[in-house]
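Input: a single structure, listed below in structure tokens.
Values below: every heavy atom of this structure, side chains too, minus hydrogens, waters and symmetry copies.
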Amino acid sequence: MGFSILESLSILQVWHSFETQKTSLMTRYVEKLQHSYQITTDTYKLVSTTIYNEAIDRPEVIELVREANTASIEERAELRVALFQQLDITYQKLKQQHLRQLHFHLPDGTSFLRMHRPNKFGDPLFDVRYSVKIANQQKRFVSGFEEGRIFNGFRYVFPLFYVDDAGRRQHIGSVETSIGFQAIRSEMSKLFSGCFEFMLRADVVRSKVFENELGNYIESPLNPEFVIESEAVRDNSQFRSAICNRIDRLDLTLQPIVAEKLDLDLPFAVPVRLNSEDYVVTFVPVKNLQDNGVAYIVSYEADDNLSNYRSNLFFVLFVTTCFNSILILFIAYVNRSRIVLDRQNNHLQTEVNARAIAERQAQQKSAELQDALDRLKTTQLKLIHTEKMTSLNQLVAGVAHEINNPIGFIYSNVQHAREYAESLDRAIALYQQHYPEADSTLRSQLDDLDLDFVRDDFSKLLDSMKAGATRVDSIVKSLRNFSRLDESERKLVNVRDGIDSTLVLLQHRLNANETRDEIQIIETFDDLPMLECYPSLLNQVFMSILSNAIDVFDRHPPTNERPRIKISGKLQPGDRVLIEIANNGPPIPPNIHQRIFEPFFTTKPVGQGTGLGLSTAYFIVVETHSGQLSCRSEPGRGTVFAIELPFYSEQ
């Protein structure tokens with residue numbers, strides 16, 4: 001009886017440990033698939049934005065779409081052909097990157113041109129394409145998953161605008177790029193091995209897809225309420241691995257397990273054993289733009305962990321059973337011995353029991369002390385870390401304060417020193433006036449003091465001290481204005497103050513050196529209103545661009561003219577400001593120019609640059625401030641960085 005109870009408890013404990021390990025493993029598979037899916041869609045969002053900026057938002061494309069707004073049916077046909085020819089080469093390149101669609105729509109939601117189906121156009125989309133409706137009615141960028149009239153896709157829809165000569169923006173429609181699951185599968189295959197499937201709810205597909213295009217889908221073998229893409233549209237090259245050839249048999253095993261779970265729209269992973277091999281099938285729900293669960297991304301992966309867990313389970317069960325058997329036999333032996341020797345060993349047994357109790361108590365106390373020591377060490381490390389961070393913050397604030405105090409003493413006392421010097425000067429003059437004759441010893445001592453020189457130079461010395469104090473005060477103020485460590489939210493600031501503060505901090509680099517003359521700074525600013533922005537982040541943009549301009553002069557100083565940086569600020573139509581930073585250095589080579597905003601791209605030697613300055617500046621201007629950052633570089637005209645920002649937040 002005792003053995004049965006002990007063995008049952010041991011088995012329950014070991015099995016619970018095994019189930020905990022398995023649950024943790026399933027959670028890791030779900031997190032891995034979710035993370036890979038998020039990385040992939042974010043990457044294509046960045047790619048689509050780049051395509052829009054470089055290939056779509058061009059005058060020749062915008063003009064064709066604008067003309068289509070008011071054109072007749074015959075004229076639209078000609079414009080559609082012209083637009084297709086304009087973008088055909090670009091679209092062929094996009095297809096190589098798995099971007100399946102490039103689709104133009106008119107402002108009322110009518111399909112104007114499908115690059116993937118140029119003969120299908122004119123159908124209204126607002127009732128079936130929520131993304132197109134929102135992009136055109138609210139005139140904003142929309143991204144997310146959505147089923148289309150032909151294909152499903154992860155869509156990125158951009159509103160299109162025409163800017164007339166007066167700077168007025170006219171909404172002329174929208175354009176979308178999208179990727180199919182083949183692109184998601186291809187990118188995720190690079191992150192980890194496995195086979196991937198995409199299941200969509202059948203009712204969603206039937207409600208939106210053209211009837212003659214429903215052949216692109218077949219019923220899912222896992223659940224008849226879902227469909228998958230047919231062999232005609234999927235990329236079969238993804239199904240050549242050994243595990244992909246086992247999907248059908250894995251699905252048969254999964255059918256009764258996942259039927260109810262698929263209705264919950266929750267992520268989950270299921271372990272499957274097939275032919276003595278372990279697999280994990282992971283399901284991650286995909287929601288559309290209206291936050292409705294419409295699909296699942298499914299991954300099939302071979303797994304060695306479950307086999308190891310199972311082997312450990314059997315080993316631990318075997319060891320536990322052996323230990324329990326030995327323990328029960330030992331207890332039985334002890335009981336029998338205790339009965340036989342109870343009378344003779346009563347006193348000794350009592351002593352042994354007391355020692356055993358004392359030992360257990362000592363072990364318990366030791367464990368409690370060790371636990372308390374561990375907690376104390378953890379608390380001590382936290383306190384040290386907190387104290388370091390507090391000291392660092394106090395040091396940053398204290399340095400500026402401590403510099404300000406002595407500079408304030410010097411600056412405020414210079415005038416008093418000047419007045420005292422003038423008083424002494426008048427006293428010496430009065431003495432010389434009333435006592436013009438002095439004995440030879442006194443006159444010799446006065447000549448040694450060189451009072452005329454001291455009286456003349458002391459005023460200059462005070463002027464120099466005042467100029468130095470003023471310079472240090474300017475540097476401290478510029479440092480505070482540049483860092484703005486206490487300003488983590490958007491504020492209304494004078495953008496020129498940030499530029500001037502940055503120039504003060506870079507003054508030592510503007511001076512002449514052994515390879516070039518001093519860099520001339522030319523500033524021309526309109527009367528600009530206050531700009532709503534993140535001041536410290538915007539100052540970081542100015543610092544990155546100006547530092548790069550100075551680096552160019554240090555590496556390639558001009559030979560026929562003085563190095564020069566021009567900074568200008570102008571008002572732009574639509575409540576925007578344009579800040580241009582230009583230098584007269586050599587132009588940026590074309591192969592480098594197109595990559596200057598890429599993260600980690602740098603032309604500097606190893607150890608002198610990380611390649612993050614301009615990419616960070618681009619992110620701050622475009623993503624954080626809803627602005628635009630561009631660069632122009634031509635031979636003989638130098639390089640110009642243009643920063644265009646809205647005066648008020650668009651977020």
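- Side-chain contact between Ile150 and His116 is present, with heavy atoms from C-beta onward closer than 4.5 Å.
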*Show the numbers, then the answer: is there a side-chain contact (heavy atoms from CB on, under 4.5 Å) between Ile184 and Thr41?*
CA-CA 8 Å; Ile184 300 293; Thr41 54; 4.0 Å; yes
_Derivation of the side-chain contact (heavy atoms from CB on, under 4.5 Å) call for Tyr52 and Thr177_ = CA-CA 9 Å; Tyr52 170 77; Thr177 60; over 6 Å; no
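- Between Ser111 and His103, the shortest heavy-atom contact is OG-NE2, 2.7 Å.
- Residues Ser174 and Asn136 come closest through the heavy atom pair OG-ND2, 2.8 Å.
- Between Thr639 and Pro587, the shortest heavy-atom distance links the atoms OG1-CA, 4.2 Å.
- Atom CD of Glu197 and atom CD1 of Ile247 lie 6.0 Å apart (nearest 0.5 Å).
- Annotation for Lys120: atom NZ counts as buried by contact number, over 12 foreign heavy atoms lying within 6.0 Å.
- Aromatic ring centres of Phe161 and His171 lie closer together than 6.0 Å.
- Atom CD1 in Ile56 sits 8.0 Å away from atom CG in Leu83 (nearest 0.5 Å).
- Shown are Leu614, Ile579, Asn548; of these, the side chain to side chain contact (heavy atoms under 4.5 Å, CB included) with Phe641 is made only by Leu614.
- Looking at Gln138 and Lys133, their side chains never come closer than 4.5 Å, going by heavy atoms from C-beta outward.
- The shortest side-chain heavy-atom distance between Arg76 and Phe121 does not fall under the 4.5 Å cut-off.
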*Where do Arg185 and Glu229 land on the salt bridge (charged side-chain N to carboxylate O under 4.0 Å, His left out) test, with the steps shown first?*
CA-CA 13 Å; Arg185 177 188 292 121; Glu229 292 179 334; 5.4 Å; no
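- Taking CZ from Arg155 and CD1 from Ile179, the interatomic distance works out to 10.5 Å, rounded to the nearest 0.5 Å.
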*asked:* Does Tyr300 form a side-chain contact (heavy atoms from CB on, under 4.5 Å) with Leu254? I'd like the steps, not just the answer.
replied: CA-CA 11 Å; Tyr300 300 78; Leu254 284 170; 4.3 Å; yes
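- Once rounded to the nearest 0.5 Å, the distance linking CG of Leu531 with CZ of Arg576 reads 10.5 Å.
- Under the 3.5 Å distance criterion, the side-chain polar atoms of Ser230 are matched with a main-chain donor or acceptor of Asn216.
- No option in Asp265, Asn223, Asn288 other than Asp265 meets the side-chain hydrogen bond (donor to acceptor under 3.5 Å, both in side chains) test with Arg201.
- Glu213 has no carboxylate O lying under 4.0 Å from a charged side-chain N of Arg149, or vice versa, which leaves the two without a salt bridge.
- A 4.5 Å side-chain heavy-atom check between Thr49 and Tyr156 finds every atom pair outside the cut-off.
- With hydrogens and angles ignored, the 3.5 Å screen pairs no side-chain donor or acceptor of Arg140 with any backbone N or O of Ile134.
- Counting non-hydrogen atoms of neighbouring residues, nucleotides and ligands closer than 6.0 angstrom, the NZ atom of Lys139 exceeds 12 such neighbours.
- A cation-pi arrangement is absent between Lys261 and Phe283, since the terminal nitrogen or guanidinium carbon is not both under 6.0 Å from the aromatic centre and inside a 45° cone about the axis.
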*Can Glu532 and Arg490 be said to form a salt bridge (charged side-chain N to carboxylate O under 4.0 Å, His left out), step by step?*
CA-CA 6 Å; Glu532 183 183 1; Arg490 284 181 176 267; 5.0 Å; no
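- Applying the ring pair (Phe, Tyr, Trp, His ring centres under 6.0 Å) test between His625 and each of Tyr618, Phe619, Tyr534, Phe647 identifies Tyr534 as the sole match.
- With salt bridges taken as basic N to acidic carboxylate O contacts below 4.0 Å, one links Arg114 and Asp123.
- With a 4.5 Å cut-off on side-chain heavy atoms, Val142 and Tyr130 do not count as touching.
- No donor-acceptor contact under 3.5 angstrom links the side chains of Gln255 and Asp251, judged on distance only.
- Taking the charged nitrogens against the carboxylate oxygens, Arg28 and Glu31 have no contact shorter than 4.0 Å, which rules out a salt bridge.
- Between Phe181 and the options Tyr44, Phe196, Phe145, Phe198, a ring pair (Phe, Tyr, Trp, His ring centres under 6.0 Å) holds for only Phe198.
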*Would Val493 and Leu538 count as a side-chain contact (heavy atoms from CB on, under 4.5 Å) if you check the C-alpha gap in whole Å, the side-chain angles of each, and the deciding distance to 0.1 Å?*
CA-CA 11 Å; Val493 298; Leu538 199 56; 5.7 Å; no
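- Note that CD of Glu301 is 7.5 Å distant from CG of Leu33, once rounded to the nearest 0.5 Å.
- Not one N or O on the side chain of Ser220 forms a donor-acceptor pair closer than 3.5 Å with the backbone of Phe226.
- Between Val205 and Glu147, the closest side-chain pair of non-hydrogen atoms falls below 4.5 Å.
- Remark: the backbone N or O of Ser544 is not paired with any side-chain donor or acceptor of Ser547 at under 3.5 angstrom.
- Ring centroid separation for the pair Tyr37 and Phe154 comes in under the 6.0 Å cut-off.
- The nearest pair of heavy atoms linking Thr282 to Val30 is CG2-CA, 3.7 Å.
- You'll find the side chain of Val272 stays beyond 4.5 Å of the side chain of Ile257, heavy atoms only.
- Ring planes of Phe268 and Tyr296: perpendicular class, angle over 60° (limits at 30 and 60°).
- In Glu260, the CD atom is not crowded: 12 or fewer heavy atoms of neighbouring residues, nucleotides or ligands sit closer than 6.0 Å.
- Contact annotation: the side chain of Tyr29 approaches that of Asp303 to within less than 4.5 Å [non-hydrogen atoms, C-beta and beyond].
- Looking at every heavy atom in both residues, Gly148 comes nearest to Arg129 through CA-CD, 4.0 Å.
- Not one N or O on the side chain of His593 forms a donor-acceptor pair closer than 3.5 Å with the backbone of Arg595.
- Taking a 6.0 Å sphere around CG of Asp164, one finds it holds more than 12 heavy atoms contributed by other residues, nucleotides or ligands.
- The OG atom of Ser143 sits 12.0 Å away from the CD atom of Glu176 when rounded to the nearest 0.5 Å.
- For the pair Ser36 (side chain) and Lys32 (backbone), a donor-acceptor distance under 3.5 Å is present.
- For Tyr162 and Asn69, the side-chain atoms include no donor-acceptor pair closer than 3.5 Å.
- The environment of Lys45 atom NZ is sparse: at most 12 non-hydrogen atoms of other residues, nucleotides or ligands sit within 6.0 angstrom.
- In plain terms, the two heavy atoms of Lys287 and Asp291 that are nearest each other are CD-OD1, 3.2 Å.
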